[in-house]
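Notes follow the structure.
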Amino acid sequence: MSMFDLGKRGDSGSKPQGNEEGTTMQDRESTSAPVAPAGEKGRGGAAVIGPSIHIEGTLRGGEDLIIEGQISGRVHLPENSLTIGPKGRLKAEVYAHTVYVEGTVEGDLFGGDRIVIRKTAEIRGNLMAPRVALEEGARFKGAIEMDAKAVESAMSKAKQSNAGESATTATATAASAAESRAAGAGSAGGKATAEAAGGKGGS
Amino acid sequence: MTMAQRRQADSLAAGAAVPFPARLLQPTIERLEQGERQVLLDLGRAQPGTLDFLSGFRCRLGIADVLQAIVELDPEQSAAALDRAFLRLLPEDNFGGADLILCWQLLDYIEYPVLEALGRRLCALLATGGRIHALTEYSASTMPDPMYPLFLDRDGAVRRAGAHAGGSRAAPRHAPAELQRRLGGLQIDRAVLLGNGMQEYLFSL
């Protein structure tokens, strides 16, 4: 499964490239970056995953993020805000400090602080956050866990899991880079960290 | 019933948005305020006011949004088919282990076979010691048609949701004993006739 580490994207040396319709980050030969170029920021300076981007795997990072594309897998931003924009489509388990949902989600959402459901949102899954707000006209069907202790426990597990995966990813990245050097491919320089961390062939 | 109460009942039945307190919810609210964890299940639609009210309490809230789906169930089908339909509408994973189930107005809008199947399903979803909080029309001779949902608002009062554009129809005005008999296995713990003419119930196993 591919790993996408947004917090480290600046270190990857990747060059921003134009979004191509239907680009799938599972494809290691893809030349598009998974997020907006470093110079492009969305609302409030958050990173943006554009509408034409599809990602399969685990996405994690250390900055606020707006998703307008499609994600299948997991999203880990336990210290940051995540906005699933009106065009965003997630089939994923999501962990973030604050989650704003304007698009479509199939999967469970965990918010360390709160989850806000806008009226354009469509959610098929359960919510877990100490505070949950619903905009007038929004629809939701499922269970909402608002017990702060239960939420804290779930978020702690997510952070531990995130830390564990970071270590694994770092090892995988180093191994991948070593392999690249040994093969003389030298491909890491032109690709996003996410791809380098993904090992051999994504999910 | 006083003339004022009768006027309020008819006004509410006609769809006027008159908030009222649900006294039998108070014990649950007090437990939440004391920091006790509660698992709640609302058969109605998600409402911003309900979430605002419950945010910050130690609770799990199931939002089933099944009122319309239950009203549309065919009462002519077999009991087994109705039970299967309720299993699909109210799965244990999401809605099981409830300390309190909010079942407002629904009992007035369904035929007896559906009512009996609903009772069986709600019994299965209750935690040990759990209760069902129900509201039905009692004094008013008519009720909104289609259903004009009530919800728990951010101030703890019960209100009508949105604006009512429909008509009205005769209210069944269930006798408490008849409801208890139809909701097989459930017993009426308390029943209170509210000032607006609605009947408030707490059922338990």
Side-chain angles (χ1 to χ4, degrees), chain A residues 81 84 91-158, chain B residues 17 28-29 31-70 88-102 125 127 149 151-154 159-163:
Chain A
S81 160
I84 300 152
K91 199 168 184 179
E93 191 174 80
V94 172
Y95 294 84
H97 182 256
T98 310
V99 185
Y100 298 93
V101 188
E102 299 170 7
T104 304
V105 181
E106 191 177 323
D108 295 341
L109 300 176
F110 297 78
D113 180 46
R114 65 180 165 147
I115 296 173
V116 179
I117 305 170
R118 306 288 190 205
K119 66 180 172 187
T120 53
E122 278 184 45
I123 300 171
R124 277 197 287 164
N126 297 321
L127 311 181
M128 197 170 206
R131 292 184 295 161
V132 177
L134 188 77
E135 196 171 83
E136 203 68 54
R139 298 290 296 269
F140 172 77
K141 183 174 178 174
I144 302 176
E145 180 59 75
M146 291 184 275
D147 182 346
K149 288 181 184 172
V151 175
E152 197 178 316
S153 168
M155 292 302 288
S156 295
K157 282 180 189 168
Chain B
T28 298
I29 292 169
R31 278 194 284 274
L32 286 167
E33 285 172 341
Q34 287 161 11
E36 192 177 322
R37 177 179 165 80
Q38 294 284 286
V39 177
L40 310 177
L41 169 59
D42 188 346
L43 299 186
R45 184 175 291 185
Q47 296 288 346
T50 308
L51 284 175
D52 283 355
F53 180 74
L54 293 173
S55 274
F57 288 132
R58 291 192 62 207
C59 72
R60 176 183 170 93
L61 173 65
I63 298 171
D65 193 4
V66 289
L67 296 182
Q68 193 55 38
I70 292 174
R88 282 195 302 275
L89 290 170
L90 295 166
E92 172 77 24
D93 285 353
N94 278 350
F95 305 129
D99 296 307
L100 187 77
I101 298 176
L102 303 181
L125 293 173
F151 71 99
L152 181 64
D153 208 350
R154 51 182 57 84
R159 285 191 169 77
R160 299 276 186 191

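Basis for what follows: all heavy atoms, side chains included, without hydrogens, waters or symmetry-related copies. Chain letters run A, B, ... following the sequence lines, proteins first and then strands; every chain starts at 1.
- Surrounding CD of A:Glu122 are at most 12 heavy atoms belonging to other residues, nucleotides or ligands under 6.0 Å away.
- Between chain A and the residues B:Asp65, B:Leu61, B:Asn94, the largest count of heavy-atom pairs under 4.5 Å involves B:Leu61.
- A salt bridge does not link A:Glu135 to A:Lys119: none of the charged side-chain nitrogens sits closer than 4.0 Å to a carboxylate oxygen.
- Interface remark: B:Leu41 contributes no atoms to any contact with chain A (heavy atom separation under 4.5 Å).
- Counting heavy atoms from C-beta outward, A:Phe110 and A:Met155 have side chains that approach closer than 4.5 Å.
- Within 6.0 Å of the NZ atom in A:Lys91, the count of heavy atoms belonging to other residues, nucleotides or ligands does not exceed 12.
- Heavy atoms of A:Arg131 lying under 4.5 Å from chain B belong to its backbone as well as its side chain.
- Heavy atoms of B:Val66 lying under 4.5 Å from chain A belong exclusively to its side chain.
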